[in-house]
Amino acid sequence: MRLLEFTTADELPENWDQGLGSNIYLSRSFLRFMEGRSDVEDSRYYMFTDHSSVPDTRFMLFTRKKYVITQFTKFSLKAFSRFVYVPLSVARAGVRLGTGSSGLFFGFVRGLKGMRLVFNQPGDVRSPGFVQVMTCPRCVLDVRWDSFDSYMADLRSNYRNRYKKALKRSTGLRIYKLGDNNCFGEDLYALYLQVLERADYKIETLGLEFFRGNFFDIFVMEDESGRPVAFYQLLENGDELIFEFTGFDADLASRHDAYNRMLMEIIRHGIENGFKRIDFGQTAEEAKLRVGCRYEYIYVLASHSNPLLNFALKIFAPLLNYKPIPEDSFNVFKATPTDQGENHP
C-alpha cells in the first residue's frame, strides 16, 4: 500500500469515489464544494492505494488549534487537535476505511502531534492506542408509511394530538422551497447564526455560500407579514433524506410552534417522495425522539501524542462520554415493528 496526499479537493483523482459507499460528504464533488465554505484550518486529503492505484482507505484531515475536548462535561479544556472528520456538524465519518489499510490508517493518525480525533465511527471500530468516547448519537426515522396521514394515524393519541396542535398553531405560516439557492440571503443566514449562538456544542461555523450550494433543497417558513421565521435545509442521498441545518428566530418560532411543524414537514416530504429513512442529525434529540426517531450510536476514537496526556485520556475517557436520553423514555407509536431490532451502545 502507498499513501497519497492532496492539498485541495481539485487534486483528487477520478477514482477517489470508487467504492466510497453512501457517504456523500466524502465524494469529490462535495469536498470541492466544501472548500472555503467553513472556518476549518489546514485541511488535507489522503488515500491509501494498492500498487495498481485502486483506492482503499480515504480520509480528510484538518486542524483545530484550540478545540474544547471536554465539551460534554462541565469543564473547559482546550487542546491542539487533529480531526479526521468532514467539516460539517453531521454524523458522518471523515474516513472510508478500506479492507487492506485500516491498520495503516490508524498508524498514520497515531503519528500526528497533539490530540488525534477520528469522529463518527460505529461501535465496532477500535484500534490500539485509541480510547472510544461516545458522541451525540444520530437520530434516524425509518420510513414505513405510504402517506403522512398513515404516519399520523400510527402515533399514540398523546403524540398525535400534540402534532395536530402544532399544525394548527402554524397554519399562518407560508412554507415554500427556494427556486434558486442563490436567493438565500443575509436575513436567512442570520437565523442560522442565531441557532449556532444558542448551540451547546460547536465545531465550526459555515459561511453564507454553503447555503447557496446546489446540493440542497432549502425550505423557508414565513409569517403573515412576510418575515422569515425559519428555514430548513435537506439533502437527498439515494433513498435517504438528510436534515442538514436550520435557522429560526426563537421568539417567532415559539409563537408558531415552527420547530415541530418543521419536523412534520420533513417527515411529510420524506414519505411523499419515497425515501426509506430520514437522518435527522444529532442535535435536539428529545424533539426528534418524540416524532419516532431511534438512535444510531456513534463514537470518537481519541489519543494524544504526549504519553502522559494519553494515559490521562484513558483514565478519564468515561467522563467524556455524551449521555443520551434513554430511548425508552418515549413510546411514540401504537406498535413498534418487531424487525427493527435492538440498537444499544
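Using a distance-only test at 3.5 Å, with no hydrogens or angles considered, a donor-acceptor pair links the side chain of Trp16 to the main chain of Leu26. A donor-acceptor pair is defined here as one N or O able to donate and one able to accept, closer than 3.5 Å; no such pair exists between the side chain of Asp154 and the backbone of Ser150. Remark: the backbone N or O of Pro228 is not paired with any side-chain donor or acceptor of Asp249 at under 3.5 angstrom. With Arg156 contributing its side chain and Phe333 its backbone, the two residues share a donor-acceptor pair below 3.5 Å. With hydrogens and angles ignored, the 3.5 Å screen pairs no side-chain donor or acceptor of Asp279 with any backbone N or O of Ile242. Arg138 places no side-chain N or O within 3.5 Å of a backbone atom of Gly281 that could act as its donor or acceptor partner. Within the 3.5 Å criterion, the main-chain N or O of Leu155 finds a donor-acceptor partner in the side chain of Arg160. Checking side-chain atoms of Ser329 against main-chain N and O of Pro326 turns up a donor-acceptor pair under 3.5 Å. One N or O on the side chain of Glu35 and one on the backbone of Ala9 form a donor-acceptor pair closer than 3.5 Å. Of the possible donor and acceptor atoms, none in the side chain of Asn15 sits under 3.5 Å from a partner among the backbone N and O of Gln18.
A side chain to side chain donor-acceptor pair (under 3.5 Å) with Ser170 is found for one member of Arg261, Lys165, Glu265, His256 and no other, namely Arg261. Just one of Phe245, Phe243, Tyr25 meets the side chain to side chain contact (heavy atoms under 4.5 Å, CB included) condition when paired with Leu235; it is Tyr25.
The six-membered or imidazole ring of Tyr192 lies away from that of Phe231, with a centre-to-centre distance of 6.0 Å or more. Aromatic rings from Phe6 and Tyr46 are positioned such that their centres are separated by 6.0 Å or more. Proximity of the aromatic rings of Phe211 and Phe216 is defined here by a centroid distance below 6.0 angstrom, and this criterion is not met. For Phe215 and Phe30, the gap between ring centers is short of 6.0 Å. Aromatic pair Phe33/Phe210: ring centres closer than 6.0 Å. Between Phe311 and His304, the distance from one ring center to the other does not fall under 6.0 angstrom. For Phe59 and Phe105, the ring centers sit closer than 6.0 Å to each other.
A side-chain donor from one of Arg110 and Ser127 sits under 3.5 Å from a side-chain acceptor of the other. Asp223 and Ser225 share a donor-acceptor pair across their side chains, judged by distance under 3.5 Å alone. Side-chain contact, Ser27 with Asp17: no donor N or O sits under 3.5 Å from an acceptor N or O. Side chains of Glu222 and Tyr176: a donor-acceptor N/O pair is present below 3.5 angstrom, by distance only. Counting only N and O atoms by type, the side chains of Glu240 and Asn237 include a donor and acceptor under 3.5 Å apart.
Residue Phe280 holds its CZ atom at 7.5 Å from CG of Leu241, rounded to the nearest 0.5 Å. The CZ atom of Arg144 sits 10.0 Å away from atom CD1 of Ile271, with the distance rounded to the nearest 0.5 Å. Between the CZ atom of Phe330 and the CD1 atom of Ile325 there is a distance of 5.0 Å, given to the nearest 0.5 Å.
A salt bridge is absent between Arg2 and Asp50; no separation between the charged side-chain nitrogens and carboxylate oxygens falls under 4.0 Å. The pair Arg212-Asp180 does not count as a salt bridge, with every side-chain nitrogen at least 4.0 angstrom from each carboxylate oxygen. Arg294 has a carboxylate O that lies under 4.0 Å from a charged side-chain N of Glu296, or vice versa, which qualifies the two as a salt bridge. Remark: Asp239 does not engage Arg277 in a salt bridge, criterion side-chain N to carboxylate O under 4.0 Å.
Around the CD atom of Glu5, the shell of radius 6.0 Å holds more than 12 heavy atoms that belong to other residues, nucleotides or ligands. By the neighbour-count criterion of 12 heavy atoms within 6.0 Å, atom CZ of Arg126 is sparsely surrounded, having that number or fewer from other residues, nucleotides or ligands.
The hydrophobic clustering, which links ILVMFWY residues whose side-chain heavy atoms are closer than 4.5 Å, places Met1 and Leu97 together. Criterion: ILVMFWY side-chain heavy atoms under 4.5 Å apart, direct or through other members. Under it, Leu3 and Val84 are part of a common hydrophobic cluster. The hydrophobic clustering, which links ILVMFWY residues whose side-chain heavy atoms are closer than 4.5 Å, places Leu141 and Ile298 apart. Under the 4.5 Å side-chain heavy-atom criterion for Ile, Leu, Val, Met, Phe, Trp and Tyr, Leu289 and Val140 are members of distinct hydrophobic clusters.
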Item to complete: Please step through salt bridge (charged side-chain N to carboxylate O under 4.0 Å, His left out) for the pair Asp257 and Arg162, ending with a clear verdict.
Response: CA-CA 11 Å; Asp257 210 349; Arg162 173 70 185 87; 2.8 Å; yes
